[in-house]
Amino acid sequence: MTKYPRARLIAAVVVAFLCGLVFASSSNLIHLGWAQSKTPPKPTLQQVQPLVETQNAFEAIADHVTPAVVSIQTERFARGRTNTRQRGQRLPGGIEDFFRQFDPQTDQPSEASGSGFIVSKDGYILTNNHVVADADRVTVKLLDNRTFTAKVIGRDPTTDVAVIKVDANDLPTVSLGDDAKARVGQWVVAIGNPLGLDFTVTAGIVSQKGRSLGALLNAKYAIQDYIQTDAAINPGNSGGPLVNIRGEVIGINSAIASNTGFYAGYGFAIPITLASQVMDDLVQYGKVRRAVLGINILEVDPNDAQVAGLKDIHGVKVTGFDPADEPESSPAKRAGVEVGDVIVGVNGQAIDRVSTLQRVIRNFKPGQTISLDVMRFGDKKTLNVKLGEPPIDRSSDIAAADANARQPATRGNERSYDKLGIAVQSVPTELATQARLNEQWRRGLLVTDISPSGPAYRELNENSSIIVRVLYPQKRDIRTPADFEQVMSGLKHGDLITLLVYELRGQGTTTVTLKAQ
C-alpha cells in the first residue's frame, strides 16, 4: 500500500470517530465538557446553620471564660540551683523540655510564666504546682490588666495542683464541670498564656481519658488519670483551664508530649474533680488528706490475667506494699491483701485499670473502710480495708541508695536459665551494702544478664532486679540458686511463672509473669 492510500485510510478513521461522538452526544449517550469538574452548588442555609451554631458556641466560651483566666508570673531569687525533681530523672516523650522553664539551671534570678483560673469571687485561683513551686514572688494579671501579688495557699506535688489567692472581691469566676461526663471525641477549648501570648484560645477534642504519663510527677502516690486533648497547649498554658462546649472547666492544662518542648498534637489536663478535691483540702487543712491502700500497683497484662483466672484482661495487680521495709503498716497488707493479687472491684464497682482504681479511692478519706474484690491465682476473695494516709516521703534517701545501686555487680555463682532468658546469682555483699538492702532482699537472686530474645527482656533489669519469691505456679521463697533451680526444673515450654521481684532502681517490689520458652 502506498503512503497516500494509508493517509486516506487514517483520515477516514478519524472522521468516523468524530461522527460517532457527535451522534452519541445528540443521543445523550455522553456529555462533552472540560477536564475540570463543574462548580458545586452553594450550601443551603440549613446546611450552614450547624456550623454557625458551633462558631457561636466557641465565641460564647471565649467571652464567658477568658475574663476569669489569669496570667501568672513567678520569680525565684538566686540561692543555688533550684530543682523541683530528683537530679538525673528524665521525663518521657519530650515532656522534660516543657518543665525546663520552671527548673532554672543557673544561680541567676529567674522568671517563669504560666496560667490559672479564678474559682471564687474573693480571689482563690487554681493552677499547677510546677508553675508556683519554690517561687519567691507570684504576680497575677487579669484580662482587664489589673495586677495582684498572690499568696500560695498550698501545693500538692502528687497531683500537680496548687491554690493561690489574691486580695480582691467580685472577681469573675469560671464554672466547674464534671470530667466524668466527658467523652472521647467531644469538643474542648484550652485557654491560657502560651509563649508570652496572653489569653490565647485554642480548640480541639478530648483525645483520650485516664492517660498515664509515667515519670511526669516524681512522687510515689502520684495520680495518673490525665485527660488527653489535641487542643494546642504550649509552655505558658500550664495551669489554664480545659473547657467543654458548655463553657464548664473539666481540667487543668498541665503538660504536653513533644520532642521539641512545643505543641506536637498531644496535651494533658488534670481532671477538675480531682483538682477540686485537692483544692478543698488545701484551703481547709493546709494539706491533702489522701486515702491510700498502701500498695504498689501496675496494669494487668495478658499473662497476669491468665494466672489470675480472669476471662478478659482487666484489673490492677498488686506488686508490693508501701513502705517496702515496713509492709505490716500497709492498710491493704493488714487486711489480707497479698502480692500477686489482682484488684477487680471496690465496693461493687468494677476496676479495669490503675487510673480507675485511683479515681475511686480518691473519693474516700483516711479511716474509711472499703470492700476490695481481688482475684488470687484463680480464687476470688473479698477483703475489708481500712484506708490510711501516705507514709512519710523518704525520696532523698531512696535517691542516694539508687545512685549507689547502679554499680554493676561482681559476677559470682552465676547460673543461666534459657527458659526465661536470664542469668542469676546471689546478691553480692558489696552491692547489698551500697544499696542498704534489708535482710529479706539480700537473700534473693540478682538478675545479672537478660537475653534480648528471651521472655524476661524488658520485664526484668540487669543488675537491678532481685528475684525473692515465686508466687505461681507454687509459692516458694528464693534464697539460693538451688531454690530457683528446683522451680525451673519443673517448668515446661508455654508454662507461666509469676515472680516477686525487688527493684534496686525503684526501691520497691513488683511482680512479673513470664511464659517459658
Side-chain angles (χ1 to χ4, degrees), residues 91-93 95 158-159 179-180 184 207-228 255 257 266 268 270-271 274 292-322 324 330 332-333 337-346 349-363 370 372-378 380-381 383 385 455-461 464-465 471-472 496-503 505-515:
L91 299 180
I95 294 177
T158 65
T159 56
D179 55 87
V184 174
S207 303
Q208 191 52 266
K209 295 179 64 180
R211 185 67 78 191
S212 172
L213 299 186
L216 175 62
L217 300 178
N218 181 36
K220 183 174 295 186
Y221 285 92
I223 300 294
Q224 301 293 339
D225 188 21
Y226 288 86
I227 301 170
Q228 181 179 315
Y266 304 99
F268 304 94
I270 303 161
L274 169 59
V292 299
L293 289 164
I295 54 177
N296 301 325
I297 53 178
L298 287 175
E299 303 288 0
V300 170
D301 63 26
N303 290 343
D304 298 324
Q306 185 174 340
V307 299
L310 295 170
K311 294 182 179 180
D312 54 9
I313 305 168
H314 70 280
V316 174
K317 68 175 179 178
V318 179
T319 64
F321 300 104
D322 191 61
S330 162
K333 174 72 171 176
V337 175
E338 296 183 4
V339 172
D341 287 351
V342 174
I343 300 172
V344 294
V346 174
Q349 180 176 343
I351 301 298
D352 59 344
R353 62 181 66 184
V354 168
S355 60
T356 303
L357 178 62
Q358 290 182 325
R359 193 180 312 121
V360 171
I361 295 300
R362 76 186 186 217
N363 290 322
I370 62 169
L372 208 64
D373 296 325
V374 303
M375 293 297 297
R376 183 174 297 166
F377 301 111
K380 186 173 183 179
K381 299 181 179 297
L383 306 168
V385 182
Y457 185 63
R458 298 187 185 278
E459 299 292 337
L460 299 174
N461 300 292
S464 176
S465 298
L471 301 174
Y472 182 88
L496 294 173
I497 181 172
T498 300
L499 306 173
L500 174 63
V501 178
Y502 182 83
E503 283 291 345
R505 292 173 184 169
Q507 294 289 304
T509 58
T510 186
T511 61
V512 177
T513 300
L514 305 174
K515 182 175 289 188

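Throughout, residue positions are numbered sequentially from 1 according to the sequence presented.
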Tell me if a side-chain donor or acceptor on Thr319 pairs with a main-chain N or O of Thr511 at a distance below 3.5 Å. no
Of the non-hydrogen atoms in Ile295 and Ala332, which two are nearest, and what is the gap between them? CG2-CB, 3.4 Å
With no hydrogens and no angle check, just 3.5 Å: does a side-chain donor-acceptor pair link Glu503 and Ser465? yes
To the nearest 0.5 Å, how far apart are CD1 in Ile297 and NZ in Lys317? 11.5 Å
Across all chains, not counting sequence neighbours, the ring pair (Phe, Tyr, Trp, His ring centres under 6.0 Å) partners of Phe377 are Tyr472
Stepwise, does the side chain to side chain contact (heavy atoms under 4.5 Å, CB included) test hold for Ile270 with Tyr226? CA-CA 5 Å; Ile270 303 161; Tyr226 288 86; 3.9 Å; yes
I would like to know whether Asp225 and Arg362 meet salt bridge (charged side-chain N to carboxylate O under 4.0 Å, His left out); could you show each step before the answer? CA-CA 11 Å; Asp225 188 21; Arg362 76 186 186 217; 3.2 Å; yes
Flag for Thr513-Thr498: side-chain donor and acceptor within less than 3.5 Å: yes
Considering residues at least two apart in sequence or located in another chain, which fulfil the side chain to side chain donor-acceptor pair (under 3.5 Å) criterion with Gln228? Arg211
Would Val318 and Ile343 count as a side chain to side chain contact (heavy atoms under 4.5 Å, CB included) here? Give the steps. CA-CA 7 Å; Val318 179; Ile343 300 172; 4.0 Å; yes
For atom CZ of Arg353, decide whether the heavy atoms of other residues, nucleotides or ligands shown that lie under 6.0 angstrom number more than 12. no
Between Val346 and Asp373, is the side chain to side chain contact (heavy atoms under 4.5 Å, CB included) condition met? List the steps. CA-CA 6 Å; Val346 174; Asp373 296 325; over 6 Å; no
Measure the shortest side-chain to side-chain distance between Ile361 and Ile370 over non-hydrogen atoms and say whether it is less than 4.5 angstrom. yes
Sequence neighbours excluded, which residues qualify as side chain to side chain donor-acceptor pair (under 3.5 Å) partners of Asn303? none
Are any non-hydrogen side-chain atoms of Asn296 and Thr510 less than 4.5 angstrom apart? no
